[in-house]
Participant: 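Before I ask anything, here is the structure I am working with.
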Amino acid sequence: MNHTVQTNQDVRFNFETYIFDLDGTLLSTLEDLAASCNYALRTHGMPERTLEEVRLFVGNGVKKLMERAIPEGLQNPKFEDTYQTFRKHYMAHNLDSTKPYEGVMEMLESLKAKGKKIAVVSNKFYDATQALCKHFFGDLVDVAIGEREDIRKKPAPDTVMAALKQLQASKKGAVYIGDSDVDIMTARNCEMPCISVLWGFRDYDFLIEHGASILITNPLQLR
């Protein structure tokens, strides 16, 4: 598949609606996710995971993260208790180290000043998605949707379609921006273009292998 690595000089994006993944795209969340993961594992007598292991585990929601981190995954009789320990700890500590990537705030401010519609669609559980977006982005993000029990999560198109509905926007003129193979599949399932970012949880080779067609190296390229 053809691919393009855009640079600050050659980028010419002009969409009306920008839908972003959260973890690894707008926010650097890995350290807090790893800390809560290891707190839960430690609390329930399980071996802890390295930061690099957690990096490879993220990308499809925190339940999948814990399924990958816990020995025997869902088959472990302690899975549900460990998962709930993670959720409780993460809600209390998700601001310890988390912060926007360099250039993200300026990019969002520029898009908003141009009248663009902006949404966040994440597989992070709903309350955390809402809280983090409100804390860091305020009115810069029009709609924030996290994992919900009543709707299929990414890579299914449902949460993106729900965001477009709330924005009163069409998928024509919209773009999806993310850092993982799940995001590439999500955009494909939504029949939308996908911009893959190279500052997140997955590297160039991984993204190309999973079908990335446009890659950028800096958030400011989007403005």
Side-chain angles (χ1 to χ4, degrees), residues 19-99 119-137 141 143-163 166 176 178-186 189-190 200-202 206 210:
I19 300 181
F20 292 91
D21 174 51
L22 187 60
D23 296 49
T25 300
L26 295 179
L27 294 180
S28 175
T29 58
L30 185 61
E31 291 186 6
D32 286 339
L33 287 168
S36 292
C37 173
N38 282 330
Y39 174 83
L41 293 172
R42 187 168 60 248
T43 298
H44 294 277
M46 301 176 190
E48 297 184 31
R49 297 293 192 163
T50 67
L51 191 66
E52 188 57 30
E53 284 179 312
V54 175
R55 180 191 299 275
L56 297 175
F57 294 161
V58 298
N60 201 19
V62 293
K63 189 167 187 177
K64 180 61 71 172
L65 160 62
M66 294 308 293
E67 180 183 342
R68 292 164 173 161
I70 293 171
E72 300 180 18
L74 294 173
Q75 304 307 312
N76 191 310
K78 294 183 179 180
F79 176 85
E80 190 59 33
D81 287 344
T82 308
Y83 173 54
Q84 293 302 327
T85 298
F86 168 89
R87 287 177 62 102
K88 183 176 180 178
H89 186 272
Y90 187 70
M91 285 304 298
H93 293 275
N94 61 29
L95 296 177
D96 290 358
S97 300
T98 290
K99 60 184 179 181
V120 167
V121 173
S122 175
N123 277 346
K124 184 187 291 292
F125 50 94
Y126 192 87
D127 289 346
T129 301
Q130 292 275 309
L132 287 169
C133 285
K134 181 177 180 180
H135 177 82
F136 286 108
F137 309 130
V141 169
V143 172
I145 295 179
E147 183 180 17
R148 290 164 33 183
E149 292 184 358
D150 62 332
I151 190 170
R152 294 182 301 170
K153 66 180 183 178
K154 303 184 297 183
D158 302 38
T159 47
V160 173
M161 294 298 105
Q166 289 187 43
Y176 188 88
D179 72 306
S180 74
D181 55 323
V182 173
D183 297 314
I184 294 167
M185 290 187 288
T186 300
N189 290 337
C190 294
F201 297 159
R202 300 291 184 263
F206 180 94
H210 287 83

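Quick note: residue numbers are just sequence positions, from 1.
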Participant: Got a sec, which residues hit side-chain contact (heavy atoms from CB on, under 4.5 Å) with Phe206, two or more places apart in sequence or on another chain?
Facilitator: Asp181, Arg202, Asp203, His210
Participant: Show every side chain to side chain donor-acceptor pair (under 3.5 Å) that has at least one partner inside residues 66-79, sequence neighbours left out.
Facilitator: Lys64-Glu67
Participant: Applying side-chain contact (heavy atoms from CB on, under 4.5 Å), can you list everything that pairs with Ala35, at least two apart in sequence or on another chain?
Facilitator: none
Participant: Keeping to residues at least two apart or across chains, list the salt bridge (Lys or Arg N to Asp or Glu O under 4.0 Å) pairs with something in residues 38-47.
Facilitator: Arg42-Glu48
Participant: Take Glu147 and Ser122 through the side chain to side chain contact (heavy atoms under 4.5 Å, CB included) test and state the conclusion after the steps.
Facilitator: CA-CA 7 Å; Glu147 183 180 17; Ser122 175; over 6 Å; no
Participant: What pairs with Lys154 under side-chain contact (heavy atoms from CB on, under 4.5 Å), at least two apart in sequence or on another chain?
Facilitator: Asp21, Val121, Asn123, Thr159, Tyr176, Val182, Asp183, Thr186
Participant: Report the residues that fulfil ring pair (Phe, Tyr, Trp, His ring centres under 6.0 Å) with His93, sequence neighbours left out, ordered by chain and then residue number.
Facilitator: His89
Participant: Looking only at heavy atoms, which two atoms of Arg55 and Val58 are closest? And how far apart?
Facilitator: O-CG2, 3.2 Å
Participant: Under the side-chain hydrogen bond (donor to acceptor under 3.5 Å, both in side chains) rule, collect the residues that match up with Tyr90, sequence neighbours excluded.
Facilitator: Lys124
Participant: Could you tell me whether the side chain of Thr43 reaches within less than 4.5 Å of the side chain of Thr82, counting heavy atoms only?
Facilitator: no
Participant: Taking side chain as C-beta onward, heavy atoms only, is Leu132 less than 4.5 Å from Leu95?
Facilitator: yes
Participant: Go through the structure and list residues passing side-chain hydrogen bond (donor to acceptor under 3.5 Å, both in side chains) with Asn94, not counting sequence neighbours.
Facilitator: none
Participant: Excluding sequence neighbours, so at least two apart, what forms ring pair (Phe, Tyr, Trp, His ring centres under 6.0 Å) with His44?
Facilitator: none
Participant: Leu56: which residues meet the side-chain contact (heavy atoms from CB on, under 4.5 Å) condition with it, sequence neighbours left out?
Facilitator: Glu52
Participant: Could you list the residues that satisfy side-chain hydrogen bond (donor to acceptor under 3.5 Å, both in side chains) with Thr98, not counting sequence neighbours?
Facilitator: Asp32
Participant: Kindly determine whether Tyr83 and Leu74 satisfy side chain to side chain contact (heavy atoms under 4.5 Å, CB included), including the steps that lead there.
Facilitator: CA-CA 10 Å; Tyr83 173 54; Leu74 294 173; over 6 Å; no
Participant: Going through the checks in order, is the side chain to side chain contact (heavy atoms under 4.5 Å, CB included) test met by Leu65 and Phe86?
Facilitator: CA-CA 10 Å; Leu65 160 62; Phe86 168 89; 4.1 Å; yes
Participant: Does atom CZ of Phe79 have more than 12 heavy-atom neighbours from other groups under 6.0 Å away?
Facilitator: yes
Participant: Going by side-chain hydrogen bond (donor to acceptor under 3.5 Å, both in side chains), name the residues that satisfy it together with Glu80, two or more places apart in sequence or in a different chain.
Facilitator: Gln84
